[in-house]
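For this chain, numbers begin at 1 and follow the sequence in order.
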Amino acid sequence: MQLSEGQTPRAQLGLCSVMPWSPLAALSWALVLRLLALLWPPGRGEACSCAPAHPQQHVCHSALVIRAKISSEKVVPASEDPADTQKMIRYEIKQIKMFKGFEKAKDIQYVYTPFDSSLCGVKLETNSQKQYLLTGQILSDGKVFIHLCNYIEPWEDLSLVQRESLNHHYHQNCGCQITTCYAVPCTISAPDECLWTDWLLERKLYGYQAQHYVCMKHVDGICSWYRGHLHLRKEYVDIVQP
């Protein structure tokens, strides 16, 4: 989700900020919707707000990561209870590749999202050639649940480094912590942290660092930004070593 000019990522912390890290696998999708509706009552506003998260963090904290095309969509009830008025959008997908979730699912046919955008429902293009990277959670009933606070991007918008990192580097370095830098000076409190400076330098979350770098753990346990044979841009070094 993009921030409007003048907003800081901290101002975006809200309902969905907890969702990527929540134990959704222990909940049914109907229960998730009810919790969202209770936490986001009418009149509070229509915007869905999300905590900042680097693509690597999204992959590490998601139960499922796939590349897919969207075949169709259908509005369905959130549960079999006739008294339940909540709705979901069920997207029928064609899975192209799975990057994470092998132990819980093999071939995903449907993904579900809240119908209301205020509950962080995702709107995807159907019946087109567009492919998406989808991250999400697998609920206790086996259904895949996605929302705007997951990392959901058109495949064509991903950099080569991001595409390659989905196979190995993101998964292998989930032991590293990524800390968002909002203003200088930025500091890290542990050797396993990397400073994420896209907001500070470019005033957008998914900037050059998110697109081209992985927070990688070395044999000594220290984590640092890595991009193959390329050196870290001087601006990032200056933030860490003022």
Side-chain angles (χ1 to χ4, degrees), residues 1-3 7-13 16-22 50-67 97-102 133-137 149-242:
M1 185 187 69
Q2 295 296 321
L3 303 178
Q7 284 184 303
T8 66
R10 289 186 180 184
Q12 290 293 304
L13 300 180
C16 287
S17 65
V18 299
M19 296 304 289
W21 328 112
S22 300
C50 309
H54 187 276
Q56 180 173 334
Q57 292 172 293
H58 279 292
V59 171
C60 288
H61 291 283
S62 295
L64 185 81
V65 181
I66 61 174
R67 177 183 177 183
K97 184 172 183 178
M98 180 177 289
F99 300 100
K100 186 178 180 181
F102 303 97
L133 173 69
L134 303 177
T135 69
Q137 304 299 330
C149 296
N150 294 125
Y151 191 59
I152 298 173
E153 293 289 331
W155 184 257
E156 63 185 13
D157 291 349
L158 300 179
S159 69
L160 179 60
V161 170
Q162 287 176 313
R163 297 180 188 186
E164 293 177 342
S165 297
L166 289 168
N167 288 307
H168 300 292
H169 292 322
Y170 285 160
H171 309 283
Q172 294 171 350
N173 293 281
C174 288
C176 292
Q177 307 300 316
I178 298 176
T179 302
T180 307
C181 180
Y182 300 103
V184 291
C186 294
T187 60
I188 57 177
S189 58
D192 64 347
E193 290 184 38
C194 292
L195 284 178
W196 182 24
T197 58
D198 278 341
W199 174 255
L200 178 68
L201 298 177
E202 303 182 43
R203 282 302 189 235
K204 63 181 181 180
L205 287 179
Y206 300 128
Y208 193 88
Q209 198 174 15
Q211 294 172 351
H212 300 290
Y213 287 91
V214 178
C215 182
M216 188 170 292
K217 180 169 286 189
H218 304 280
V219 292
D220 58 3
I222 296 176
C223 293
S224 62
W225 292 112
Y226 176 81
R227 188 193 176 187
H229 63 281
L230 298 180
H231 295 291
L232 196 64
R233 284 171 60 183
K234 184 177 183 298
E235 298 97 311
Y236 302 147
V237 177
D238 289 341
I239 294 297
V240 180
Q241 301 173 347

Q: Kindly compute the distance separating SG (C194) from CD (Q209), expressed to the nearest 0.5 Å.
A: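 Between C194 SG and Q209 CD, I get 8.0 Å after rounding to 0.5 Å.
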Q: Counting only heavy atoms not in H218, do more than 12 fall under 6.0 Å of its NE2?
A: yes
Q: Return the minimal non-hydrogen interatomic distance between M98 and G101, and the atom names on each side.
A: SD-C, 3.6 Å
Q: Return yes if some donor-acceptor pair links the side-chain N/O of Q56 with the main-chain N/O of Q177 below 3.5 Å, else return no.
A: no
Q: Got H58 and Y170 here, is their nearest side-chain heavy-atom distance under 4.5 Å?
A: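 Counting from C-beta outward, H58 and Y170 never come under 4.5 Å.
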Q: With side chains defined as the heavy atoms from C-beta onward, is the minimum distance between R163 and W155 less than 4.5 Å?
A: yes
Q: For the pair N150 (side chain) and I152 (backbone), establish whether a donor and an acceptor sit closer than 3.5 Å, ignoring hydrogens and angles.
A: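 Absent.
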Q: Give, for atom CD1 of I188 and atom CD1 of I178, the distance between the pair rounded to the nearest 0.5 Å.
A: 12.5 Å
Q: For the residue pair L200 and A183, what are the closest heavy atoms and their distance?
A: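 Looks like CD1-CA, 3.6 Å.
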Q: Parallel, tilted or perpendicular for W225 and H54, by the 30°/60° rule?
A: tilted
Q: Taking atom types as modelled, is there a side-chain donor on Q162 or Y206 under 3.5 Å from an acceptor on the other?
A: no
Q: Would you give the length of the straight line joining atom CZ of F99 to atom CG of L64, rounded to the nearest 0.5 angstrom?
A: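 Rounded to the nearest 0.5 Å, the CZ-CG separation comes to 11.0 Å.
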Q: Within this structure, what is the CD-OG distance for the pair Q211 and S165, rounded to the nearest 0.5 Å?
A: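 Result: 12.5 Å between the selected atoms.
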Q: Below 4.5 Å, heavy atoms only, C-beta onward: do V59 and Y151 meet side chain to side chain?
A: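 No - every pair of side-chain heavy atoms lies 4.5 Å or more apart.
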Q: Atom OG1 in T179, atom CH2 in W196: separation rounded to 0.5 Å?
A: 11.0 Å
Q: How far apart are the closest heavy atoms of G207 and D198, and which atoms are they?
A: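 Smallest heavy-atom distance, with atoms named: N-OD2, 3.0 Å.
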Q: Taking all non-hydrogen atoms of both residues, which atom of D192 and which atom of G175 are closest, and how far apart?
A: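 Scanning both residues completely, I find the closest heavy atoms to be OD2-O, 3.8 Å.
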Q: Can you tell me how far the SG atom of C174 sits from the NE2 atom of H169, to the nearest 0.5 Å?
A: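 Taking SG in C174 and NE2 in H169, the distance rounds to 13.0 Å.
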Q: Quick one: ring pair (Phe, Tyr, Trp, His ring centres under 6.0 Å) partners of H212, sequence neighbours excluded?
A: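 Expected list: Y208.
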Q: Please check if the side chain of K100 supplies one atom and the backbone of H171 the other of a donor-acceptor pair under 3.5 Å.
A: no
Q: Would you check, one step at a time, whether the test side-chain contact (heavy atoms from CB on, under 4.5 Å) holds for N167 with K97?
A: CA-CA 10 Å; N167 288 307; K97 184 172 183 178; 2.9 Å; yes
Q: So, the side chain of K217 versus the backbone of Q172: is there a donor-acceptor pair under 3.5 Å, distance only?
A: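 Side chain of K217 to backbone of Q172: no pair is present.
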Q: Which pair of heavy atoms, one from L195 and one from C186, lies closest together, and at what distance?
A: CD1-CB, 3.5 Å
Q: Closest approach of R203 and Y182, non-hydrogen atoms and distance?
A: NH1-O, 4.2 Å
Q: Any chance the SGs on C223 and C176 are under 2.5 Å from each other?
A: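 Their SG atoms fall under 2.5 Å; a disulfide, then.
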